[in-house]
Amino acid sequence: MAIEFTLSNGGQLEFQSGLPADYNGPILRGAIALSSRTNIVELVVQELTGEHYSIRFIVCKFLRQVTATANIHGRGLYSYFMLKSGLRREIGSIGKLHLRQDQFACFFTEPTLCSARFEKDKEYRALDLFYSPGLLEELIQFFPEIGDVLESSSATLLSGRTFWALPCMKEITNQILNCPFDEATRQFYFDLK
């Protein structure tokens, strides 16, 4: 997992492998974990990568108001679910998004720059999902509108807005973050989710 996180003062966060010793939040089983703790931020990122997708769970708290920038590195469909707190994001190819707690947005994009503004002393939790073009092609038979998205040469915010997560979506999110299975079964479980 390669993460570059640049803060509004121009500084870049340095990450350590693994979860912090005092971490007590949800664990994405089988994921690679990175963490950063400075006088500005406490940040934990867990990422699980499948053949055609990735799941990234982020928990962070900034000790002062900060705008952070990062890169979206791959072409594909992205879904951002805000599990705790709201967040204002700007995706270079899409524009501004305001995601409230329990809301999500889905968008298709080429590699682009993104930024987010974090408020002081507020904990944020988000689940970010990436679907590769290869996986999307497999899903066209179930969701024909995905074909139009893949054929378009421009970035697209699906349905042009953010949505409230349905109870069944919250349940799937909880199942992902509380997966009870061993390594052999876990990958199949995540593939189905």
I need the [X] [atom1] to [Y] [atom2] distance, nearest 0.5 Å.
| X | Y | atom1 | atom2 | result |
| --- | --- | --- | --- | --- |
| Tyr78 | Asp128 | OH | CG | 10.0 Å |
| Leu135 | Glu51 | CG | CD | 9.5 Å |
| Ile140 | Glu145 | CD1 | CD | 10.0 Å |
| Ile176 | Arg186 | CD1 | CZ | 13.5 Å |
| Ile55 | Gln46 | CD1 | CD | 11.5 Å |

task: Decide whether a cation-pi geometry holds between Arg89 and Tyr80; the criteria are a distance under 6.0 Å from NZ or CZ to the six-membered ring centre and an angle within 45° of the ring axis.
output: yes
Going by heavy atoms in the side chains, are [X] and [Y] under 4.5 Å from each other?
| X | Y | result |
| --- | --- | --- |
| Ile40 | Arg64 | yes |
| Leu97 | Leu157 | yes |
| Ile58 | Arg125 | no |
| Lys84 | Gln101 | yes |
| Ile72 | Ile91 | yes |
| Ile27 | Leu177 | no |
| Phe62 | Lys120 | no |
| Ile146 | Asp148 | no |

Residues 108-119 side chain polar contacts: donor-acceptor under 3.5 Å, at least two apart:
from: Thr109; atom 1: OG1; to: Ser93; atom 2: OG; distance (Å): 2.5
from: Glu110; atom 1: OE2; to: Arg75; atom 2: NE; distance (Å): 2.7
from: Thr112; atom 1: OG1; to: Ser93; atom 2: N; distance (Å): 3.2
from: Arg117; atom 1: NE; to: Glu119; atom 2: OE2; distance (Å): 3.2
from: Arg117; atom 1: NH2; to: Glu119; atom 2: OE2; distance (Å): 3.4

Distance-only, no hydrogens or angles: does the [X] side chain make a donor-acceptor pair with backbone N or O of [Y] under 3.5 Å?
| X | Y | result |
| --- | --- | --- |
| Thr156 | Leu158 | no |
| Ser36 | Glu14 | yes |
| Ser132 | His52 | yes |

message: Filter on side chain to side chain donor-acceptor pair (under 3.5 Å), then keep only pairs touching residues 167-177, sequence neighbours left out; what's left?
response: Glu171-Gln175, Gln175-Lys193
task: Could you please spell out the steps behind the side chain to side chain donor-acceptor pair (under 3.5 Å) verdict for Tyr131 and Glu138?
output: CA-CA 11 Å; Tyr131 310 86; Glu138 292 177 22; over 6 Å; no
message: When you group the ILVMFWY residues by side-chain heavy-atom contacts below 4.5 Å and let the links chain together, are Phe81 and Val59 in the same group?
response: yes
Transitive ILVMFWY side-chain link Val66 to Leu43, under 4.5 Å: yes
task: Using side chain to side chain donor-acceptor pair (under 3.5 Å) as the criterion, list what pairs up with Asp121, not counting sequence neighbours.
output: none
N-O pairing of Glu123 and Lys61 below 4.0 Å: no
message: Between Asp182 and Arg29 (salt bridge meaning N to carboxylate O under 4.0 Å), is one present in this structure?
response: no
task: Run the numbers on Leu166 and Trp164 for side-chain contact (heavy atoms from CB on, under 4.5 Å), then give the verdict.
output: CA-CA 6 Å; Leu166 299 171; Trp164 292 101; over 6 Å; no
- prompt: For the rings on Phe130 and Tyr53, is their centre-to-centre separation under 6.0 Å?
  reply: no
